[in-house]
Amino acid sequence: MAQLRHWCKGEGINPTHAILLKDVPEDTEIEGIEGTLQSIKVLGCVKVRGRMYDPQSQCLTVLCECREKVNPKAIPLDILPEGSNAPWRIVGYSEKEEGSADQVLAEDLQVPPTELGPVPPLQASTPEAIIRAVGDLLQSTAKPVSDNSNYRRLRTFSGIVPTPPGEEPLENWILQARLMIEEYDRPDKEKKMRIMESVKGPALEILQAVRFNNPEATPQGYVDVIENTFDTPETGEELYFSFRMLCQHPGEKTSEFLRRMERSLNKVVKKRRSVPDFHRQSPP
């Protein structure tokens, strides 16, 4: 959000009439970008106003000016260009939403957003209790999802390491897939189809085998197979130690830090359930 606002200020563009397009391949022509965005009718005429190369993703972030005022709730989270398997992410500007989630979370926690520091000792709380507390806190700040937009297409996952540009790492894909299963009010057959559409390479081969050998497998079963196949081989003790060492990164939003905590704790609990002597292996 801040990146969009600052870039617009430098280019003299009204941020309410602008979007950022991320994960765009560096060899993409301007005409191709503008032509792809024309399919989003609510944006009106779209013009590219700037491009910036991201060395981490090895892709472009593109600043686009739109004729119509951008409503972040009315535009998709991503768009799939014609002839491509990798979507481009879309970021819009919202004055009302900027900073509100972080402020609410910080006030509920009664700590400054930038001074959370290391996770405190878990003397009186179990990992499950902390997961419930963090989950309840995140849920209390989440905005309700409308019936007409409760499905958002999953990003691509292949299981290849390191994660190729334009794909999601395992942890992020698992989180998105579980949310889709929980929130998408459609039959399991359609949910499984959505999951199959989002995978390729080794991950696709694994799920094709599951579908062939067990046609009655559930969407949750599909996700579990991917997680069990490609997840880290860390022990319960290593996962617990990693959780205890979590710190908020400089510039990281409080909401994102809490989500990292929740994902880390989920891994601890999952490993704990599969190892009977987990408490003896874990640090005091």
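Note: hydrogens, waters and symmetry copies are ignored here, and every other heavy atom, side chains too, is used.
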To the closest 0.5 Å, what do you measure between SG (Cys66) and CD1 (Ile19)?
4.5 Å
Closest approach of Pro87 and Arg155, non-hydrogen atoms and distance?
CG-NH1, 4.3 Å
Is a donor on one side and an acceptor on the other found under 3.5 Å between the side chain of His17 and the backbone of Arg67?
yes
Find out whether Tyr184 and Glu190 are in side-chain contact, i.e. whether some heavy atom of one side chain is under 4.5 Å from a heavy atom of the other.
yes
Establish whether Leu175 and Phe230 are linked, either directly or via other cluster members, by ILVMFWY side-chain heavy-atom contacts under 4.5 Å.
no
Using only atom types and a distance under 3.5 Å, with no angle test, would you say the side chain of Gln248 pairs donor to acceptor with the backbone of Glu252?
yes
Counting only heavy atoms not in Tyr53, do more than 12 sit closer than 6.0 Å to its OH atom?
yes
Can you check side chain to side chain contact (heavy atoms under 4.5 Å, CB included) on Asp54 and Lys22, steps first, answer last?
CA-CA 9 Å; Asp54 183 356; Lys22 294 179 175 287; over 6 Å; no
Is the shortest heavy-atom distance from the side chain of Pro202 to the side chain of Ile206 under 4.5 Å?
no
Audit row: Thr61, Gln3, side chain to side chain contact (heavy atoms under 4.5 Å, CB included) steps and yes/no
CA-CA 10 Å; Thr61 297; Gln3 182 187 13; 4.1 Å; yes
If you take all heavy atoms of Pro81 and Ala86, which pair is closest and at what distance?
CD-O, 3.7 Å
For residues Lys191 and Pro219, report the shortest heavy-atom separation together with the two atoms involved.
CB-CG, 3.8 Å
Give a yes or no on whether Tyr93 and Trp88 share a hydrophobic cluster (residues Ile, Leu, Val, Met, Phe, Trp, Tyr; joining criterion: side-chain heavy atoms under 4.5 Å apart).
no
What are the two closest non-hydrogen atoms of Gly92 and Val70, and how far apart are they?
CA-CG1, 4.5 Å
Quick check: does any side chain N or O of Glu34 sit under 3.5 Å from a backbone N or O of Val48, one acting as donor and the other as acceptor?
yes
With side chain to side chain contact (heavy atoms under 4.5 Å, CB included) as the test, would you mind laying out the steps for Thr36 and Thr28 before giving the verdict?
CA-CA 11 Å; Thr36 299; Thr28 306; over 6 Å; no
How far apart are the closest heavy atoms of Tyr222 and Leu207, and which atoms are they?
O-CD2, 3.7 Å
Exam field: side chain Thr156 to backbone Asn85, donor-acceptor pair closer than 3.5 Å:
yes
More than 12 heavy atoms of other residues, nucleotides or ligands under 6.0 Å from CZ of Arg51: is that the case?
no
Interatomic spacing from CD1 in Ile79 to CG in Leu43 - rounded to 0.5 Å
8.5 Å
Give the cluster check for Ile13 versus Met52: same hydrophobic cluster or not, with ILVMFWY residues linked at side-chain heavy-atom distances below 4.5 Å.
yes
Hphob cluster co-occupancy, Leu63 + Leu60, side-chain heavy atoms under 4.5 angstrom:
no
Applying a strict under-4.5 Å side-chain criterion to I, L, V, M, F, W and Y, I'd like to know whether Leu204 and Leu154 cluster together.
yes
Min side-chain heavy-atom separation Thr163-Glu168 under 4.5 Å:
no
For Arg211 and Met196, what are the C-alpha separation, side-chain angles and deciding distance, and is it a side chain to side chain contact (heavy atoms under 4.5 Å, CB included)?
CA-CA 10 Å; Arg211 184 170 60 180; Met196 294 294 295; 3.8 Å; yes
Note: Pro15 and Cys8 closest approach over all heavy atoms is CA-SG, 3.8 Å
